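Let me begin by presenting the structure, written as structure tokens, before commenting on it.
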Amino acid sequence: MRLDNAAHHLVIAPNASTFKHGGTNMNRGWWVIGLVALAGCAKFPEQPIALPSRDRLVVTLTYAANIDPTAFYYIAIDDDGDPTTGPLPALTRPWGNGWGVPLDQRLGSRIHFFVEIVRQSAQVFRITRFEPPYPTILLGPPLDFAFPQPNQIRVTVDLRQLFPPPNPIPERIELNFISVDELKTNPYDNTPRTGFDALGVTGNDFISIPLASTQTFRNGQGMVGEPSGDARVDALDLIDWEVQVIRGK
């Protein structure tokens, strides 16, 4: 008898011994082969496949020029329940996490989740500790990601990717759309950031979006209006935005 490692099957050599049982010669090999065959027929329940939820956030961003594949585009999210705090860009040292300010009570800035779009790909992250260097955990790609036009980005986020059960989906979140031409990580670099844009004329605004029901929010509709021409780099100059909240039943 030998074990065939390639297929992990038990193989009986031709000279297998026999034994008597009740006056009948029985070959051990046939017994073993029968057991292996029965074991091969065993069935196990299939594992359920986790399907995306029907609770989604669809963000569409439009820029003054075609998307720059070497630049960094961020959808920054705050979920602390306080509409007076939200994501702000890092415009001076110590530069936060290189592009945003994850936590600064003096500025009223907080970032918990973000979608990073760079080199024509998108990934979702969660900040795990609100102190330098602000470590993150990768949550994976968003539910959908596309460039509807050369100057547009559209990202669909499964809200349950951010808030998996049994965690509740918060009543509202704060958003900012931050674009930068480089990540500044040197705390001694005092060179002012020039290639950037975010919500508002100076970039220091954000929007508060309720998540209780399906709604669509657009640039200038009772919220922060985003003008064109407020950034030095056209590919970073956000000129329009739309946020669609989709809640399943």
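Given the structure is predicted, the values throughout are model-derived calculations rather than measurements.
In this structure, V157 is not a member of the same hydrophobic cluster as I178, with clusters built from ILVMFWY side-chain heavy atoms closer than 4.5 Å. Clustering ILVMFWY residues whenever any of their side-chain heavy atoms sit less than 4.5 angstrom apart, transitively, puts F196 in a cluster other than the one holding I153. Residues L107 and I111 do not share a hydrophobic cluster, clusters being chains of Ile/Leu/Val/Met/Phe/Trp/Tyr side chains in contact below 4.5 Å. The hydrophobic cluster containing L159 does not contain V58, counting ILVMFWY residues as joined when their side-chain heavy atoms lie under 4.5 angstrom apart, directly or transitively. Cluster annotation: I67 and L183 are assigned to distinct hydrophobic clusters (Ile/Leu/Val/Met/Phe/Trp/Tyr, side-chain heavy-atom contacts under 4.5 Å, transitive).
Side-chain N/O atoms of T60 and R154 include a donor and acceptor closer than 3.5 Å.
Listed for the N176 side chain is a donor-acceptor partner under 3.5 Å among the backbone atoms of L199. Side-chain atoms of N151 do not come within 3.5 Å of backbone N or O of A65 as any donor-acceptor pair. At distances below 3.5 Å, at least one donor-acceptor pair connects side-chain atoms of T214 with backbone N or O atoms of R247. For the pair N219 (side chain) and D240 (backbone), a donor-acceptor distance under 3.5 Å is absent. A donor-acceptor pair is defined here as one N or O able to donate and one able to accept, closer than 3.5 Å; such a pair exists between the side chain of R193 and the backbone of E182. Although no hydrogens or angles enter the test, the distance criterion places no donor-acceptor pair under 3.5 Å between the side chain of T185 and the main chain of G98. The backbone N or O of P83 lies less than 3.5 Å from no partner atom in the side chain of S208, so there is not a single donor-acceptor pair. Between the side chain of Q161 and the backbone N or O of P141 there is at least one donor-acceptor pair closer than 3.5 Å. A donor-acceptor pair is defined here as one N or O able to donate and one able to accept, closer than 3.5 Å; such a pair exists between the side chain of S109 and the backbone of L88. Under the 3.5 Å distance criterion, the side-chain polar atoms of D78 are matched with a main-chain donor or acceptor of D80.
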Item to complete: Kindly determine whether T194 and R232 satisfy side-chain hydrogen bond (donor to acceptor under 3.5 Å, both in side chains), including the steps that lead there.
Response: CA-CA 7 Å; T194 56; R232 297 187 181 185; 4.9 Å; no
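With sequence neighbours excluded, the residues forming a side-chain hydrogen bond (donor to acceptor under 3.5 Å, both in side chains) with E242 are R218, listed by chain and number.
Taking the six-membered ring for Trp, Y74 and F125 have ring centres at least 6.0 Å apart. Taking the ring centroids of W99 and F72, they lie at or beyond the 6.0 Å cut-off.
Between R56 and D158 there is no salt bridge, since none of the side-chain N atoms of the basic residue sits less than 4.0 Å from a carboxylate O of the acidic one.
A90 approaches G96 most closely through the heavy-atom pair CB-N, 4.2 Å. Closest of all the heavy-atom pairs between D181 and L236 is N-CD1, 3.7 Å. F113 and L162 get closest at one heavy-atom pair: CZ-O, 3.4 Å. Among all heavy-atom pairs drawn from G229 and D237, the shortest one is N-OD2, 2.7 Å.
Ring-plane geometry between F177 and W241 is classed as tilted, the angle between the planes lying from 30 to 60 degrees on a 0 to 90 degree scale.
For the pairing with D79, the salt bridge (Lys or Arg N to Asp or Glu O under 4.0 Å) check across R126, R172, R110 returns one residue only, R110.
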